[in-house]
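Take a look at the structure set out below.
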Amino acid sequence: MRFAGDSGDGMQLAGGRFTDATAVLGNDLATLPDFPAEIRAPAGTIPGVSAFQIHFASRDILTPGDAPNVLVAMNPAALKANLAALPRGATIIVNEDAFTRRNLEKAGYAESPLDDDTLSEFTVHRVPMTSLTTRASEGLEGVGTRDAGRAKNLFALGLLSWLYDRPTDVTERWIEGKFASKPAAKAANLAAFQAGWSFGETTELLDVQYKILPATDVESGTYRQVNGTTATALGLLAGSVRARLPLLLASYPITPASELLHELSKHERLGVRTVQAEDEIAAAGVALGAAFGGHLGITSTSGPGMDLKSETIGLALMLELPMVIVDVQRAGPSTGLPTKTEQSDLLMAMYGRHGDAPLPILAAQTAGDCFRSAFEAVQIAIERRTPVILLTDGFLANSSEPWRIPSLEELPEIDPGFASAPPEGESFLPYARDERGVRPWAPPGTPGLEHRIGGIEKQDGTGNISYDPANHAHMTRVRAAKVSNIAADLPPLAVDDPGGDADVLVLGWGSTYGSIRAGVRRVRDRGLKVAQAHVRHINPLPSNIGEVLRGYDKVLVPEMNTGQLVKLLRAEFLVDCKPYNKITGQPLYAAELEEAIVELIEAPAEVPA
Amino acid sequence: MRFAGDSGDGMQLAGGRFTDATAVLGNDLATLPDFPAEIRAPAGTIPGVSAFQIHFASRDILTPGDAPNVLVAMNPAALKANLAALPRGATIIVNEDAFTRRNLEKAGYAESPLDDDTLSEFTVHRVPMTSLTTRASEGLEGVGTRDAGRAKNLFALGLLSWLYDRPTDVTERWIEGKFASKPAAKAANLAAFQAGWSFGETTELLDVQYKILPATDVESGTYRQVNGTTATALGLLAGSVRARLPLLLASYPITPASELLHELSKHERLGVRTVQAEDEIAAAGVALGAAFGGHLGITSTSGPGMDLKSETIGLALMLELPMVIVDVQRAGPSTGLPTKTEQSDLLMAMYGRHGDAPLPILAAQTAGDCFRSAFEAVQIAIERRTPVILLTDGFLANSSEPWRIPSLEELPEIDPGFASAPPEGESFLPYARDERGVRPWAPPGTPGLEHRIGGIEKQDGTGNISYDPANHAHMTRVRAAKVSNIAADLPPLAVDDPGGDADVLVLGWGSTYGSIRAGVRRVRDRGLKVAQAHVRHINPLPSNIGEVLRGYDKVLVPEMNTGQLVKLLRAEFLVDCKPYNKITGQPLYAAELEEAIVELIEAPAEVPA
Amino acid sequence: MSATLHVNGNGNGAEHRLTKADFQSDQETRWCPGCGDYAILNAVQTLMPDLGVPTEKTVFVTGIGCAGRFAYYMDTYGMHSIHGRATTIATGLATTREDLSIWVVSGDGDALSIGGNHLIHALRRNVPVKILLFNNQIYGLTKGQASPTSERGKITKSTPFGSQDRPFNPIALALGAEASFVARTLDRDRKHMTEVLRQAAEHKGASLVEIYQNCPIFNDGAFFNLTEKDTKVAAQIRLEHGQPITFGPEEALRGVARADDGGLEIVAAAGNEQRLIVHDQHREDPSLAFALARLADGPTEPTPIGIFRQVQRPVHGAAASENPGRAVGDVGALDQLLHAGDTWTIA
Amino acid sequence: MSATLHVNGNGNGAEHRLTKADFQSDQETRWCPGCGDYAILNAVQTLMPDLGVPTEKTVFVTGIGCAGRFAYYMDTYGMHSIHGRATTIATGLATTREDLSIWVVSGDGDALSIGGNHLIHALRRNVPVKILLFNNQIYGLTKGQASPTSERGKITKSTPFGSQDRPFNPIALALGAEASFVARTLDRDRKHMTEVLRQAAEHKGASLVEIYQNCPIFNDGAFFNLTEKDTKVAAQIRLEHGQPITFGPEEALRGVARADDGGLEIVAAAGNEQRLIVHDQHREDPSLAFALARLADGPTEPTPIGIFRQVQRPVHGAAASENPGRAVGDVGALDQLLHAGDTWTIA
Ligand SMILES: Cc1ncc(C[n+]2csc(CCOP(=O)(O)OP(=O)(O)O)c2C)c(N)n1
Ligand SMILES: Cc1ncc(C[n+]2csc(CCOP(=O)(O)OP(=O)(O)O)c2C)c(N)n1
Ligand code: SF4
Ligand code: SF4
Ligand SMILES: [Mg+2]
Ligand SMILES: [Mg+2]
């Protein structure tokens with residue numbers, strides 16, 4: 001189901017409310033907002049179209065759906081922009097009032113598509129939403145036509161809520177809260193919502209009423225809806241709480257990472273400090289300074305900002321201080337497509353610094369998983385004294401899913417293990433290491449631990465500057481080993497191979513999880529066998545991954561880039577993994593993947609030369 | 001042969017002069033200066049030691065030599081710092097006057113090593129250089145003891161020149177030119193030099209006089225001595241001249257890249273503009289601005305500066321404008337070891353930018369080859385409209401070798417192929433492409449070509465902003481193809497496999513060329529077979545390289561990093577190339593390599609599983 | 001390859017007298033309705049033909065932000081670069097191409113936050129570019145975070161408890177950075193803006209023009225005190241070269257005078273005629289301009305607009321040596337350089 | 001793992017009265033003989049015990065450059081960071097650790113070239129750090145290139161035909177960037193330096209101290225006019241709070257007065273006593289401090305030293321909300337947040 005209208009039409013709001021109502025019902029769901037790139041493109045034009053797609057079902061949903069079955073189009077531009085994505089036979093609900101000559105022109109229609117055979121393959125419902133909305137609030141005290149006109153998204157929401165049998169109370173409560181201080185707007189919106197609902201119920205226009213049963217096969221627990229941004233923020237916060245370290249987020253605004261800054265800025269009362277730095281370099285420096293001070297230092301950004309942080313990340317790595325860098329990937333290179341998603345920063349995360357400079361990298365796989373991944377990033381950073389890169393992406397950040405709220409006992413405590421003063425007569429060795437290769441963390445404040453660290457190569461143990469060639473070689477290896485050692489404590493890669501006898505493995509990472517699951521399911525529904533696994537730890541990789549890869553005849557690695565993880569796997573394990581790449585700035589589609597998997601299953605096995 | 005002394009002692013100068021005299025003689029040679037990291041560490045201490053090593057022979061020299069046979073030590077610290085590197089039986093010439101109690105203490109010697117058995121394994125010659133030098137200038141008009149004292153490096157140079165039978169006229173001419181305006185200094189230095197020479201000739205102290213015949217088996221032509229920095233500067237200049245485009249170098253000082261800025265700054269009269277920008281980001285921006293303006297825009301730096309330039313390099317890539325980025329690699333990560341060499345920026349050059357952002361990468365293999373590589377970088381950048389990264393390193397930049405001066409007819413002309421105004425009634429398409437995928441270059445100034453470019457994804461052809469998913473996928477592929485297309489015009493990888501029947505291939509890149517050649521020669525001298533090849537084009541790789549790799553049972557990839565090229569090769573060709581890594585911040589040693597190669601030759605072949 | 005495409009009509013514009021239309025590109029403007037950027041675009045496009053520089057010799061280099069889109073709307077050469085770095089690119093262009101008229105368009109975040117260093121260095125170096133700083137005291141494109149010119153206490157998406165930091169005064173900062181041309185104007189005063197831009201265009205060296213620009217979406221009305229009918233007369237302190245600095249309604253005219261403690265003060269004009277400061281934009285010493293910049297901490301107080309300073313000094317990019325560039329493409333000179341120093345020949 | 005090592009003697013220093021020796025690390029100082037950095041180090045190490053902050057509460061964060069090595073020589077906590085970014089790291093530290101005394105040591109390249117933006121933002125924000133800018137008007141560590149404070153025409157390795165660009169006046173730049181504490185002192189005037197540093201240490205907020213520092217290797221004598229016996233009396237304009245600004249030898253005492261055109265001028269003190277400006281470092285309006293900064297374009301002219309400005313204003317890092325940080329480690333508060341909004345339970 002997709003809501004589409006002008007960016008001034010409140011489509012994101014309608015979509016969001018619908019999502020909430022759906023989540024409360026216990027349906028499983030996934031969403032995909034699609035904003036225009038301009039802040040406010042001219043009203044009524046194609047660039048100004050804003051859309052919100054939601055996919056829900058009683059069975060676990062993995063993606064926002066490839067193509068919507070129902071489109072709500074608030075104006076001709078919204079219709080035009082979304083038509084290509086609709087499968088034949090889909091239902092279209094249009095706001096008939098908006099199909100004026102002027103709007104048709106702005107959308108580039110010579111004729112109204114409602115009047116010619118443009119829509120002949122679809123079921124079209126014309127609803128005069130604007131006038132119905134206006135009419136709904138006639139006579140309401142203090143409600144002007146402007147308020148009324150603005151509420152047509154609520155009318156659409158009411159209509160769709162009826163159509164899909166969503167509960168009305170959640171939405172009504174939300175309207176009441178939202179407009180508590182503006183009685184006129186509240187009345188107008190409530191009236192519009194109810195009018196939409198009633199319209200659905202009372203007219204005979206809509207022939208089917210969809211009923212979807214609540215989800216059944218899910219884990220028990222308390223659930224809420226989260227998007228990836230909120231889940232990341234909560235995961236970082238949980239890490240901070242479990243480590244008993246105050247969190248500092250230093251960031252510079254950039255789409256789509258800014259929301260994380262906004263979200264964490266609200267939580268000063270939970271010990272969070274946020275600094276909007278003058279640029280991304282400064283943001284990384286501020287986070288590192290906080291880490292030096294014994295706090296949990298985090299910095300967040302998207303692609304272009306990652307470029308700028310690389311020198312400071314390299315310093316953090318030399319200093320062996322904890323720090324988390326969240327990269328909400330977007331389509332690159334350069335400014336690229338800031339509002340579109342992509343997975344093309346993986347190799348930069350691995351190698352985007354001068355020198356041999358390895359560090360741990362994690363990738364979240366669903367909106368909800370952002371919580372777990374963020375928590376784990378904090379844990380690794382603190383326990384291993386290293387900068388950690390957490391990769392999410394624009395799709396994860398903005399899409400939401402029902403999420404089982406973890407009870408806090410499930411989360412391990414994190415021990416910062418601050419160094420304590422050495423016994424009288426001994427001096428502190430800031431670069432001494434434990435068996436995992438981890439050095440002490442000694443924030444300023446403890447007498448006797450005064451020490452100096454820096455970006456120049458350091459003598460093993462003392463941390464003093466050392467130009468000794470052998471020491472440099474040693475330290476380079478020690479730093480690498482510290483990171484690769486982490487693999488020993490990671491869970492092995494889990495493979496979903498129900499019969500244990502598939503020949504083809506589909507291995508992904510990051511936000512393609514849902515699409516890959518859905519694609520795999522479709523393949524299995526056709527009676528074919530395919531195994532599936534998803535990598536959450538990019539560096540180090542899970543220790544059994546080589547074995548897993550060698551266990552299959554063919555391995556497909558779908559990515560939203562030109563093939564990045566696949567390069568690492570091939571180099572490391574010399575296994576002929578095949579890339580499957582989509583670089584349109586959009587999530588993978590299950591149907592496309594299904595095809596690719598089937599093709600690989602059916603391809604004759606290559607005889608090794 | 002190694003000169004070592006205090007950094008105030010003028011060792012680099014002595015070494016440089018010796019090198020010149022040697023080059024003029026037609027001997028083949030390679031040099032390795034070794035500066036202290038501090039500007040002026042306390043005189044007489046180990047950190048203050050400055051050394052200059054030169055390796056020369058009549059047969060072609062490939063490296064500065066693993067271990068020097070002769071060490072000139074101007075003080076106890078210089079002796080101590082260099083002793084470990086000397087092979088047994090080597091000759092040591094010390095400045096006896098400097099072995100005072102104070103100096104011995106500063107160097108950490110309790111006893112004078114001249115008096116105990118520290119040096120029992122070496123042939124030691126004590127020469128009171130300071131007093132001899134002072135004495136040499138006694139009675140010279142206007143020469144004070146200070147001038148005299150300072151000239152002891154010239155004494156050492158004179159002594160060594162005698163020892164190795166170097167011509168004296170080159171050095172004497174140099175002294176006369178250098179001190180033309182300071183008659184006292186001139187007299188003191190000449191006297192010292194001559195005194196050193198005479199001392200060698202007249203005393204019986206030195207038992208052997210080395211005589212090395214001029215080099216024989218070299219290509220005919222006019223030769224000069226160059227270090228990598230000068231060769232790079234000349235190569236860039238040659239590119240500028242052959243493209244008839246003025247050169248702008250924008251840079252920010254950083255060791256060891258600063259010298260390139262210094263060198264090019266001198267050539268304003270040759271059409272060169274240099275800008276010392278406020279930082280590396282600005283330097284890249286200034287170079288890109290010059291490129292937009294139709295000039296040859298170059299920027300140069302070392303590791304930390306590369307981090308900072310990455311965002312701008314990504315923009316250049318999106319804009320498809322020519323630009324050359326010279327990365328004089330040094331030992332990382334972070335500040336690392338600024339004065340030491342390393343090859344650890346290769347993967348950053350490949351992947352150190354967000355998004356899928358491939359660009360051409362070249363690596364120079366010898367000091368002289370910096371000329372050819374720089375020229376080629378300019379050529380590719382201009383002809384293909386792309387930023388090009390040229391990798392050199394600290395070793396190449398500072399070491400010198402005799403270099404055959406190319407005649408300018410050998411160098412191709414480079415056609416900038418500026419767009420011309422479209423016919424009346426047509427409009428300009430800034431992102432139309434030719435068969436190689438190359439777009440037009442239209443610097444401001446031509447009426448009718450007014451156009452706007454930027455970092456946001458562009459519509460194919462028009463270059464207008466485009467958010468179209470399919471276009472983004474298309475453009476991503478087009479940008480990648482533009483780079484990989486270059487392979488078609490590159491020479492195939494040449495393999496040196498004299499018998500054509502070696503089982504083991506040694507494949508290197510960059511400044512290890514000399515060491516690898518020397519190592520391979522040693523192996524062959526033992527009667528074993530080994531093939532050798534060296535990659536100058538890192539991206540795209542030469543088109544036959546897969547074939548070459550598959551043609552050998554075993555491939556060894558020596559690198560001065562933890563294994564970077566080897567990763568690319570394994571990922572691309574699924575060939576089990578073995579890394580050989582040295583990460584001490586020093587060049588590879590032929591002897592070590594010899595051992596590694598022999599070991600691999602003798603290892604049982606692995607049976608494919 | 002064909003780099004051309006048939007279109008209807010207008011040629012290269014070199015033959016006819018330029019008009020505003022010649023500077024309008026075919027791209028649809030995509031700012032929010034009511035955005036102050038429209039008025040600035042309009043003023044610039046209208047002014048351009050008067051400057052006598054043809055479209056092909058004019059270049060707009062912009063950063064990222066709403067302001068950054070400016071480049072697309074000018075039918076000149078243009079580059080929409082990356083965030084904060086437009087000035088560096090313009091410096092490279094200006095250093096190599098003295099024949100061009102180069103404009104940078106930037107926002108308060110672009111120029112003063114991420115790009116602050118490049119801005120002060122371009123001013124110090126006196127790079128011959130005209131820098132237009134669209135100051136809306138907010139981040140527009142990224143949807144409403146605080147900028148370095150946002151006032152203390154401002155609630156934004158990134159400062160839900162109010163911005164803590166003292167904002168920059170861009171005029172004072174520029175003067176501290178040795179700027180040779182510094183001015184301020186208003187998006188809603190077309191005439192004033194045009195005159196200031198004209199002088200900026202004519203200045204040889206770096207010119208910085210701060211333009212107070214309304215962002216109706218995220219910071220509506222920030223400058224209304226200075227721009228709207230009922231308040232502007234009392235709030236605008238218009239600096240005019242050679243004129244005593246006075247402002248306010250005729251009947252209650254006020255002026256700027258030197259106070260006893262050596263600072264500036266605002267006094268009633270009547271009776272203080274002798275004490276009023278006469279504005280001299282060409283003053284070598286920037287101290288008085290600096291004091292004028294400090295008269296107002298923000299646009300809610302009476303605020304000077306106009307040209308604070310315009311002085312002539314050497315421009316960056318002029319060659320330092322004699323006969324620079326003599327040898328571009330000169331094979332002989334290169335050959336000589338290649339053979340410099342000791343050489344030897346092997347037959 | 002053992003993070004300790006036996007050494008002879010001295011414990012953690014908390015028990016005894018601190019001395020200069022407590023602030024001296026065991027690392028050998030590695031500047032060139034005669035470098036001005038030695039004198040500064042000495043003055044700082046001597047001053048430290050007087051400030052009453054123990055070594056474990058003192059942190060030196062430095063950038064890269066000769067100046068950057070400072071961190072290694074102080075037996076406090078320290079970080080030798082990367083080029084130009086020390087201020088950002090210090091900002092992170094200051095924001096989280098109000099209990100520390102944080103010092104940044106930087107060079108003219110580090111602070112004003114690559115780090116210029118961070119410097120002006122730290123000053124604007126009034127981050128509570130003390131920034132020492134060792135200005136030797138040259139790049140020392142990289143062996144002699146021009147810096148943003150190098151004078152026009154200077155021949156350096158990167159400017160063989162002479163530097164083209166006008167240098168920054170660091171004091172003027174800082175004042176343009178809203179700095180609350182701005183001072184200048186000399187490496188060769190131990191007493192003056194100590195007093196200025198003491199006041200910088202006591203200032204609540206960001207303090208910037210420019211220290212003219214001789215680099216005998218690459219820029220010897222740049223400040224000798226101000227520091228050497230035979231010239232300094234005539235060249236130093238010593239700013240002293242509450243005192244009329246006078247300088248020069250008794251017998252030809254001169255002073256700084258307000259000129260008729262509103263600027264500053266140097267006059268004979270005798271006969272002009274009433275016109276002389278009395279220095280007030282606490283003046284809210286920075287304009288007069290700015291004018292004083294502009295008195296000299298470089299240290300070859302009579303040049304003010306001392307504290308140009310010291311005013312109190314809100315400090316960065318103070319919490320914006322009520323009860324900040326109440327819930328560090330508070331599992332209940334987190335749990336509440338996790339359950340915020342609509343939830344549902346599945347059995
Ligand atoms: C390196 C980088 N960091 C961040 C961004 C995101 N970004 C784009 S515009 C902008 C700031 C916009 O504010 P301003 O410069 O005031 O311009 P306005 O939109 O208000 O005109 C930011 C932070 C980016 N594009 N690149
Ligand atoms: C990113 C980066 N760019 C450049 C350098 C090289 N570098 C080190 S110190 C320095 C400048 C030194 O000058 P200054 O800051 O004045 O300090 P000084 O040595 O004079 O004390 C430079 C350019 C670096 N280390 N890192
Ligand atoms: S967000 Fe503000 S500045 Fe940006 S286009 Fe809209 S109104 Fe203009
Ligand atoms: S180069 Fe100059 S600043 Fe650096 S240590 Fe030497 S004298 Fe001091
Ligand atoms: Mg703005
Ligand atoms: Mg300096």
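Everything quoted here is computed from the prediction, not taken from an experiment. Sequence lines set the chain letters: A, B, ... in the order given, protein chains first and strands last, and positions in each chain run from 1. The figures here come from the full heavy-atom set of this structure, side chains too, leaving out hydrogens, waters and symmetry mates.
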Would you mind telling me which of [options] has the largest number of heavy-atom pairs within less than 4.5 Å of chain C?
options: D:S163, D:G176, D:P314; value: D:G176
options: D:L175, D:L288, D:N126; value: D:L175
options: D:P148, D:P160, D:A172, D:G153; value: D:P148
options: D:R313, D:R124, D:R258, D:R125; value: D:R124

Any side-chain heavy atom of D:L133 sitting closer than 4.5 Å to one from D:L112?
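In short, these two side chains touch, coming nearer than 4.5 Å.
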
Can you tell me if D:N135 uses its side chain to pair, donor with acceptor, with the backbone of D:E210 under 3.5 Å?
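A pair under 3.5 Å: no.
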
List in chain and number order the residues that pass side-chain contact (heavy atoms from CB on, under 4.5 Å) with C:T95, two or more places apart in sequence or in another chain; answer none if no residue qualifies.
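Here the qualifying residues are B:L248, B:R273, B:V275, C:T91, C:H316.
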
Less than 4.5 Å to any heavy atom of chain D: does that hold for the side chain of C:V315, its backbone, both, or neither?
backbone

Contact origin within C:P170 toward chain D - heavy atom pairs under 4.5 Å:
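Neither; nothing under 4.5 Å.
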
Give, for atom CZ of D:R184 and atom CG of D:L208, the distance between the pair rounded to the nearest 0.5 Å.
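Rounded to the nearest 0.5 Å, the CZ-CG separation comes out at 10.5 Å.
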
Between D:L292 and chain C, with a heavy-atom cut-off of 4.5 Å, which part of the residue counts as in contact: side chain, backbone, both or neither?
neither

Quick one: what part of D:D285 sits under 4.5 Å from any heavy atom of chain C, side chain, backbone, both or neither?
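The answer is the side chain of D:D285.
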
In this structure, are over 12 heavy atoms from other groups packed under 6.0 Å from D:Q336 atom CD?
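Open: at most 12 neighbouring heavy atoms sit under 6.0 Å from CD of D:Q336.
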
Write down the atom of D:G84, the atom of D:I114, and the distance for their closest heavy-atom approach.
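Scanning both residues completely, I find the closest heavy atoms to be CA-CG2, 3.5 Å.
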
Determine the option with the most heavy-atom pairs under 4.5 angstrom with chain D, choosing from C:P167, C:G263, C:G115.
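Most heavy-atom pairs within the cutoff with chain D belong to C:P167.
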
If you look only at pairs with a residue in residues 288-299 of chain C, which of them pass as a salt bridge (Lys or Arg N to Asp or Glu O under 4.0 Å), with sequence neighbours excluded?
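Those involving residues 288-299 of chain C are C:R166-C:D297, C:R294-C:D297, C:R294-D:E178.
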
